Amino acid sequence: MALGSFFSRLKQGLSRSTQKLTEGITNVFTKRKLDDAALDELEELLIGADLGPRVAARIIDNFRRTRFGKEVTDEEIKSTLATEIAAILGPVAVPLAIDPGHAPHVLMMVGVNGTGKTTTIGKLGQFYRDLGLRPMMVAGDTFRAAAVEQLQVWGQRSGVKVISGAPESDAASLAFEAIKHARDERADLLLIDTAGRLHNKSALMEELRKIIRVIRKQDPTAPHSVILVLDATTGQNAVQQVRVFKEMVDVTGLIVTKLDGSARGGVVVALAEEFGLPIHAVGVGEKLEDLRPFSPEEFAAGLVGN
Amino acid sequence: MFDSLSGKLGAVFDRLRGRGALSETDVLDALREVRLALLEADVALPVVKDFIAKVRERAVGAEVLRSVTPGQQVVKIVNDALVDALGGAGAVPLNLNAASPIPILMVGLQGSGKTTSAGKIALRLHKDKKKVLLASLDTQRPAAQLQLQLLAEKAGVGSLPIVPGETPVQIAHRAMDTARREVYDVVLLDTAGRLSIDQELMDEVRAIREATNPVETLLVVDAMTGQDAVNTAKAFNDAVGVTGIVMTRMDGDARGGAALSMRAITGAPIKLTGSGEKLDALEDFHPERIASRILGMGDIVGLVEKAAAHIDQVEAEKLAKRMMKGMFTLDDYANQLNQISKMGNLSGILGMLPGIGKIKQQLEGANLDTKIIGRQAAIISSMTKQERRQPEILKASRKKRIAAGSGMTVADVNRLLKQYDDVSTMMKRVGKMGAAGALKGMMPPSFGPRRPF
């Protein structure tokens, strides 16, 4: 994946989403003294970008300590803000590590409904096949109507085999069989889709744990990755989502989708502060190549419009 | 976790002991907290500002009633203003005042729940004896048309045959033609999810609207939506003129501030809410309930409804009768555990109670969750039928077997028996008191920390 094209694509996606924020900052800070009123407005701008009140307050406190009363320009604000945000995001920008030595590396995709799990699995399948691995996909969303067919279409597009069961069949036993199958066919990566579920539905979360327990009967070290897919339009509830999924199924990393819209995904900053979970990738469109590695500098610069 | 607004305001007003009219300073202090609570609930910033300005106007100088504290008074003013802003008390039904076939258009972002909501609305109209045709205009997402077809089968309504290669506008025309020919009452047109900034797709949905002239154009919005709700609402409203809003995933634990943003930006009423994956999980929108939820003041009505929905009436009555007779076995206890776990995560349930913010934090600290319920149920299911009926026969060796069978320790088994004992003692007392006290007994006391709430 060429880095140049990644940056331009991500920036394209993000620039639209950040236009409003940028305009706001420009309006507030062009040749203006950084006083309490200005700081309040800046804090609101950050909150407006879904950064969350806690992170916004922390950033503002930094500004208050170091820059209070100074004449500041738009550029200064932007670059300082970008640096702040990038510093928070730096430690969590960790690429997804696939170890074919697990034969297969088992990856489970989890998340609430409608965040883009199936689409992301489809994209990952294609991505790793293009890298020369032998991925296989498991249509583990046996609940939602036509979820299996949706993944099968992705499989046909990318030439990646899709393992599926009967509608409303048991996702855990499907995953169990799929690992056997993957071994027989010497696949080195098994991508398991799961049905979307709200994190506060304990029975459904328990079902997810059951899938993991059953998978471990095949391979005690599996799943090797549990990826939570987050929709960038989600507000502060994302914090609770991550908290519960992490507690229940030991999420190993995040993928943030729908960053090509007008949502800014600022809650990611709050998540990085609170949980420090790796952010592996971002989705900036519906096409196969629209799944991109996560770059804190690009994300931060995009957020503040630099 | 968010502190509840009422708790925060309590702190602000602890300092205020005065009575009489609310002063400007009192109000400003309180409104700072209100503002933060609204932002934490994902109400969009411009909407928050407007709202705060309105409340300030109403609150300054308002007489504090003798029976309430200034804090309570502000909460009441805020709550009332919020209910107003959400559309006033009561639900607004779907508009079906038009000649058949009545077109209803579903629009929204990807993954907001349009297709599922279309299926739910179809089922509801079908139950109201309407002849409904579901048509998917989603040529973007793989298998989306198939998904709607399957939902139509489940709901027992008609679905437009899938013809590959047609454009959404062509499908819309065919849907309307089919509906006229086959005398359908309502045609639900489900469109592809689209980004509000995608000009091409927004033009397409405008073309669909012009082709079908829908009576209702429903914007489907995820209750978890953050600040972007403003952009989405504005873009869709400008493009197609939203007539109603459907809020989905209301069964999650998001505060749902997007509802307020949506209503404020579009001016359209929120008509329906989706609260589950089953096709019948569609409800009318009640502004007064969501107002409490946004303010973190609990949702008592919601709690009661949830309890009613999940507690098996027949089972509960059977249990009440047994209780009256002083009979309460471990099977009954297991049954109760099962009913509670069906209601979901305990802290989620507690979150619906007003003023429980602080206690909830303590409970979370105490690691109170449904795992305990699962474990206790496991212990009981490792007992023989006789042991469940007569727990007094459980001695060391049986306990050891049960512990091994359920993957727990003998101490855990003892703890369960102690709790069962507590509950059954209480049950007997309730039995003597009569059925009125029965509801209290639905929640075994030993789940909570041993301090009074």
Side-chain angles (χ1 to χ4, degrees), chain A residues 16-17 20 44-45 47-50 52-53 56 112-116 118-119 122 143-154 156-157 167 195-206 231-238 240-241 244 247 257-258 260-267 286, chain B residues 1-2 36 39-42 44-46 49 109-113 115-116 119 140-151 154 193 195-198 222-229 231-232 235 248-249 251-255 257-258 277 341-342 344-348 351 369-370 373-374:
Chain A
R16 280 177 295 194
S17 53
K20 278 269 167 55
E44 287 188 346
L45 281 168
I47 291 170
D50 281 326
V112 302
N113 319 59
T115 55
T118 306
T119 304
F143 183 83
R144 180 166 61 86
V148 172
E149 287 80 358
Q150 186 183 348
L151 193 61
Q152 276 165 347
V153 172
W154 280 102
Q156 281 156 19
R157 285 181 190 169
R197 66 202 73 222
L198 288 171
H199 49 281
N200 62 334
K201 304 236 159 153
S202 51
L204 295 179
M205 294 304 285
E206 205 46 58
D231 181 337
T233 49
T234 307
Q236 297 310 301
N237 191 246
Q240 190 61 10
Q241 269 177 43
V244 177
E247 202 182 291
T257 60
K258 305 185 200 173
D260 47 335
S262 51
R264 299 157 202 174
V267 72
E286 296 191 75
Chain B
M1 243 12 269
F2 306 125
L36 202 61
L39 289 173
E40 280 171 340
D42 289 323
L45 192 59
K49 284 189 160 173
L109 300 177
Q110 287 98 337
S112 54
T115 305
T116 304
Q140 301 274 324
R141 182 162 58 88
Q145 299 188 51
L146 179 62
Q147 183 185 353
L148 193 68
Q149 191 177 38
L150 293 172
L151 288 175
K154 263 194 195 168
L195 295 166
S196 55
I197 52 169
D198 188 328
D222 185 331
M224 300 182 288
T225 307
Q227 299 285 324
D228 188 54
N231 302 326
T232 305
T248 61
R249 308 205 179 106
D251 50 333
D253 57 4
R255 284 290 174 79
E277 302 187 53
S341 68
K342 265 196 279 182
N345 179 305
L346 276 186
S347 52
D369 60 0
T370 35
I373 295 180

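Proteins come first, then strands; the chains are lettered A, B, ... in the order of their sequence lines, and each starts at number 1. Bear in mind that the values here come from a model prediction, so they are computed numbers and not experimental data.
If you tally non-hydrogen atom pairs under 4.5 Å between each of A:Asp231, A:Asn113, A:Thr118, A:Ile47 and chain B, the highest count goes to A:Asn113. Ranked by heavy-atom pairs under 4.5 Å with chain A, the first of B:Leu150, B:Thr248, B:Leu45, B:Leu39 is B:Leu45. Annotation: maximal heavy-atom pairing with chain B below 4.5 Å, among A:Gln150, A:Glu149, A:Lys258, A:Arg197, occurs at A:Gln150.
For chain B, the nearby part of A:Val112 is the side chain; its heavy atoms alone come within less than 4.5 Å. Both the backbone and the side chain of B:Ala254 come within less than 4.5 Å of a heavy atom of chain A. Contact of B:Asp228 with chain A is made through backbone and side chain together, with heavy-atom distances under 4.5 Å. For A:Glu286, the part sitting under 4.5 Å from any heavy atom of chain B is the side chain, from C-beta outward, and nothing else. Proximity to chain A is limited to the side chain of B:Ser196, based on heavy atoms less than 4.5 angstrom apart. Neither the backbone nor the side chain of B:Leu148 comes within contact range of chain A; no heavy atoms are under 4.5 Å apart. With a 4.5 angstrom heavy-atom cutoff, A:Leu151 does not touch chain B via any of its atoms.
Judged purely by atom type and a 3.5 angstrom limit, A:Asn200 uses its side chain to pair as donor or acceptor with the backbone of B:Asp251. Side-chain atoms of B:Arg141 do not come within 3.5 Å of backbone N or O of A:Thr119 as any donor-acceptor pair.
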Apply side chain to side chain contact (heavy atoms under 4.5 Å, CB included) to the pair B:Asp253 and A:Leu198, showing each step before the final yes or no.
-> CA-CA 9 Å; B:Asp253 57 4; A:Leu198 288 171; over 6 Å; no
Test log, rule side chain to side chain contact (heavy atoms under 4.5 Å, CB included), inputs A:Thr257 and B:Gln110 = CA-CA 11 Å; A:Thr257 60; B:Gln110 287 98 337; over 6 Å; no
Let me see the working for A:Thr233 and B:Asp222 under side chain to side chain contact (heavy atoms under 4.5 Å, CB included), right down to the final yes or no.
-> CA-CA 9 Å; A:Thr233 49; B:Asp222 185 331; over 6 Å; no
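What you find for A:Gln236 and B:Glu40 is that their closest heavy atoms are CB-O, 3.8 Å. Counting all heavy atoms, side chain and backbone alike, B:Asn231 lies closest to A:Ser262 at CB-OG, 3.5 Å.
Side-chain contact between A:Asp50 and B:Asp42: present, with at least one pair of heavy atoms (C-beta onward) separated by less than 4.5 Å.
Here the CG-CZ distance, from A:Asn237 to B:Arg249, works out to 11.0 Å after rounding to the nearest 0.5 Å.
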